[in-house]
Asker: 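Please read through the structure below; I'll follow up with questions.
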Amino acid sequence: MTLLKTLAPAAALIALPTLGLAQDEGPVAGVNASTDTVFILNSLLFLVGGFLVFWMAAGFTMLEAGLVRTKNTTMQLTKNMGLFSIAAIAYYLVGYNLMYPLGDWSVGSDETGGYLGILFSTAKLEAVGIAADAADDYGYASTGSDFFFQLMFCATTASIVSGTLAERIKLWPFLIFVVVLTAFIYPIQASWKWGGGFLDSQWGFLDFAGSTVVHSVGGWAALMGAIILGPRIGKYAKDGKVNPILGANLPLATLGTFILWLGWFGFNGGSQLAMGTVGDVADVSRIFANTNTAAAGGAIAALILTQVMYGKVDLTMVLNGALAGLVSITAEPLTPTLGAATLIGAVGGVIVVLTVPLLDKLKIDDVVGAIPVHLFAGIWGTMAVLLTNSDATFMGQLVPIIIVGAFVVVVSAIVWFILKVTMGIRVSEEHEVTGLDTAELGMEAYPEFAKG
């Protein structure tokens, strides 16, 4: 038995090169991957990355549930279940093909840079049990894996909006906004970069995994919603004093942050979009390491800065500092060194600590701090690409940030305003005081606990 255990690793190494011999195409097995192997590994990267990003939906839900008061917890859980499900269907019906028109532009072209894809075209998967020559893109990855992966990014954008508007928005107007966001707003602007549109072809815009395309978009939509919706009752006194409204469950918020941190490895690592070569796998591992250290840098920066500014560490700032570090590195997680990635994330943490009180001065009530994390740190991360990627240009980064911001601000403001004047977006004062769980849903999250 001892001899067998000793020989087993050697036998495995001897057998390893034979694993690819059954493939129909490709060079010598074990040296270069066959087309089948590339297709399988790329598809696998999309699927694994996709379910990690899906797990971020749980992270957003737990973070929000922890940072609202007990009387509004069930509403946040309901909103997050609703928004993810709506995103899945809206992206299938319209968003996916609107985001990836594959040269089929209704406005613009591949030569001049597309602006708008063909509307109302549902996503379609490959047939059951296809042969290699029937795959949509045999040299790359399966359509189903790509659709699944990209859908998760779309849903993430909607999750960002949910926390900002917590504790005073009605359920159904919010969900209607999510339909517009995930079917049209997000896919249209994402097509400008990731679908081969004009931000990519004309401006050379670099946004590896979406500091702008995903996070700033969610931040702009949340900002417009917060301005039109107004702050929570009692948040801002008439004399300008800010009255803190504390979350009910910091352990839950911390759990949500760690879940988001975990999911981000799929968010950034999967955005390498390839795992069929040694170089691709090495790059994915580099992205994982840089993503992790940027989050750590953001958390440490927030921890130290809150101690310096307030004399005590603020856990909620530390949590958001880690998330800001993750958002900051998302635009370019591959090219930085570990040291540079740490510093990029740390700046994100500083941004959160400084801009949360700035929003309060402006009387913009962001319950979970999503606007500093996703919008402000997203802008910083997009510009920080200039620090480590020589292909980036200043105007090539700045102008697309402005274009995407203007588009999302205008369209989001119009949608929020229409919802406000037609069906109303804010609950009544009585319902807000009572709590949305009881008033809107008739179901409490903690029925046996004393109310805070």
Side-chain angles (χ1 to χ4, degrees), residues 99-100 108 110-115 150 153 156-157 186 188-220 264-265 267-274 279-280 282-295 297-298 301 324-351 373-408:
M99 181 170 162
Y100 293 106
D110 286 344
E111 290 75 23
T112 62
Y115 297 88
Q150 298 301 336
F153 283 64
T156 297
T157 307
Y186 170 79
I188 288 173
Q189 61 82 35
S191 75
W192 298 342
K193 165 55 188 171
W194 293 338
F198 76 102
L199 294 185
D200 186 54
S201 60
Q202 295 182 26
W203 290 97
F205 180 44
L206 299 182
D207 191 5
F208 191 94
S211 286
T212 287
V213 173
V214 177
H215 295 283
S216 287
V217 168
W220 286 120
W264 231 285
F265 297 125
F267 201 97
N268 287 355
S271 294
Q272 174 68 13
L273 304 181
D280 285 327
D283 284 351
V284 170
S285 64
R286 183 182 178 95
I287 290 167
F288 272 44
N290 281 339
T291 298
N292 186 71
T293 197
L326 290 163
V327 171
S328 299
I329 201 63
T330 292
E332 185 48 89
L334 176 59
T335 56
T337 63
L338 281 170
T342 305
L343 293 175
I344 289 169
V347 173
V350 171
I351 288 172
V373 168
H374 298 279
L375 175 55
F376 298 152
I379 292 172
W380 151 245
T382 305
M383 295 306 297
V385 176
L386 294 163
L387 302 177
T388 63
N389 191 324
S390 60
D391 292 332
T393 65
F394 182 82
M395 296 304 292
Q397 296 301 102
L398 179 62
V399 172
I401 289 173
I402 295 171
I403 291 173
V404 170
F407 170 72
V408 179

Asker: Which distance, rounded to the nearest 0.5 Å, do you find between the CZ of Phe394 and the CE of Met383?
Answerer: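 The distance works out to 4.5 Å.
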
Asker: So which atom in Asp200 and which in Phe205 form the shortest heavy-atom distance, rounded to 0.1 Å?
Answerer: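 Shortest heavy-atom contact: OD1-O, 4.1 Å.
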
Asker: Hey, could you give me the OH/CZ distance between Tyr115 and Phe407, rounded to the nearest 0.5 Å?
Answerer: 13.5 Å

Asker: To the nearest 0.5 angstrom, please state how far the CH2 atom of Trp264 sits from the CD1 atom of Ile287.
Answerer: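 Here the interatomic distance stands at 15.0 Å.
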
Asker: Under the side chain to side chain donor-acceptor pair (under 3.5 Å) definition, can you give me all pairs with a residue in residues 390-408, not counting sequence neighbours?
Answerer: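 Non-adjacent pairs meeting side chain to side chain donor-acceptor pair (under 3.5 Å): zero.
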
Asker: I'd like to know if the side chain of Arg286 and the backbone of Leu338 have a donor-acceptor N/O pair within less than 3.5 Å.
Answerer: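 Checking the backbone N and O of Leu338 against the side chain of Arg286, no donor-acceptor pair under 3.5 Å is found.
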
Asker: Testing the basics here: between Asp207 and Lys193, what is the closest heavy-atom pair and its distance to 0.1 Å?
Answerer: N-CE, 4.0 Å

Asker: Tell me whether Asn268 contacts the main-chain N or O of Thr291 through its side chain, where contact means a donor paired with an acceptor under 3.5 Å.
Answerer: no

Asker: Which value, rounded to the nearest 0.5 Å, describes the distance between Phe198 atom CZ and Thr112 atom OG1?
Answerer: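 So the gap between those two atoms works out to 10.5 Å.
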
Asker: Please check: side-chain N/O of Gln272 versus main-chain N/O of Asp283, any donor-acceptor pairing under 3.5 Å?
Answerer: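 No: the side chain of Gln272 does not pair with the backbone of Asp283.
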
Asker: Given 3.5 Å as the limit, does a donor-acceptor pair link the side chain of Asn389 with the main chain of Thr335, or not?
Answerer: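 The answer is no, because no donor-acceptor pair under 3.5 Å joins these two groups.
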
Asker: Does any N or O in the side chain of Trp192 come within less than 3.5 Å of the main-chain N or O of Gly113, such that one atom is a donor and the other an acceptor?
Answerer: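 No: the side chain of Trp192 does not pair with the backbone of Gly113.
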
Asker: Determine the minimum heavy-atom distance between Ala331 and Val385, stating which atoms define it.
Answerer: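 In this case the closest contact between Ala331 and Val385 is CB-CG2, 3.6 Å.
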
Asker: Look at the side chain of Thr388 and the backbone N and O of Ala384, then say whether any donor-acceptor pair between them is shorter than 3.5 Å.
Answerer: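 Flag not set: sc Thr388 to bb Ala384 has no pair under 3.5 Å.
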
Asker: Between the side chain of Ser191 and the main-chain N/O of Ile188, is any donor-acceptor distance below 3.5 Å?
Answerer: yes

Asker: Check the pair Val404 / Leu199 against side chain to side chain contact (heavy atoms under 4.5 Å, CB included), numbers first and verdict last.
Answerer: CA-CA 9 Å; Val404 170; Leu199 294 185; 3.7 Å; yes

Asker: So how far is it from Gln189 CD to Trp220 CH2, rounded to the nearest 0.5 Å?
Answerer: 12.5 Å

Asker: State yes or no: are the ring centers of Tyr186 and Phe153 separated by less than 6.0 Å?
Answerer: no

Asker: Is there a donor-acceptor pair under 3.5 Å between the side chain of Trp203 and the backbone N or O of Val399?
Answerer: no

Asker: Is a donor on one side and an acceptor on the other found under 3.5 Å between the side chain of Thr293 and the backbone of Ala289?
Answerer: no

Asker: Using every non-hydrogen atom in the two residues, find where Ser216 and Leu375 come nearest and quote the distance to one decimal.
Answerer: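 Closest heavy-atom pair between Ser216 and Leu375: OG-O, 3.6 Å.
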
Asker: Under 3.5 Å, side chain of Thr337 to main-chain N/O of Ala340, donor-acceptor pair present?
Answerer: yes

Asker: Which value, rounded to the nearest 0.5 Å, describes the distance between Ile344 atom CD1 and Ser328 atom OG?
Answerer: 8.0 Å

Asker: Can you find a side-chain donor-acceptor pair between Thr382 and Thr212 that sits under 3.5 Å?
Answerer: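 Per modelled atom types, Thr382 and Thr212 side chains form a pair under 3.5 Å.
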
Asker: Checking Trp380 against Ser211: is there a side-chain donor and acceptor pair closer than 3.5 Å?
Answerer: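 Short answer, no.
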
Asker: Carefully, step by step, assess Phe267 and Thr330 under the rule side chain to side chain contact (heavy atoms under 4.5 Å, CB included).
Answerer: CA-CA 8 Å; Phe267 201 97; Thr330 292; 3.8 Å; yes

Asker: Closest approach of Ala324 and Val373, non-hydrogen atoms and distance?
Answerer: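 Scanning both residues, the minimum pair turns out to be N-CG1, 3.9 Å.
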
Asker: So do Leu387 and Leu343 actually touch side chain to side chain, heavy atoms under 4.5 Å?
Answerer: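 No. Closest side-chain heavy atoms not under 4.5 Å.
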
Asker: If you look at every heavy atom in Val350 and Ala301, which pair is closest and at what distance?
Answerer: CG2-CB, 4.1 Å

Asker: Hey, does Pro336 have a side-chain heavy atom less than 4.5 Å from the side chain of Ile329?
Answerer: yes

Asker: Are His215 and Phe376 close enough that their ring centers fall under 6.0 Å?
Answerer: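 No, the ring of His215 stays outside the 6.0 Å limit from the ring of Phe376, centre to centre.
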
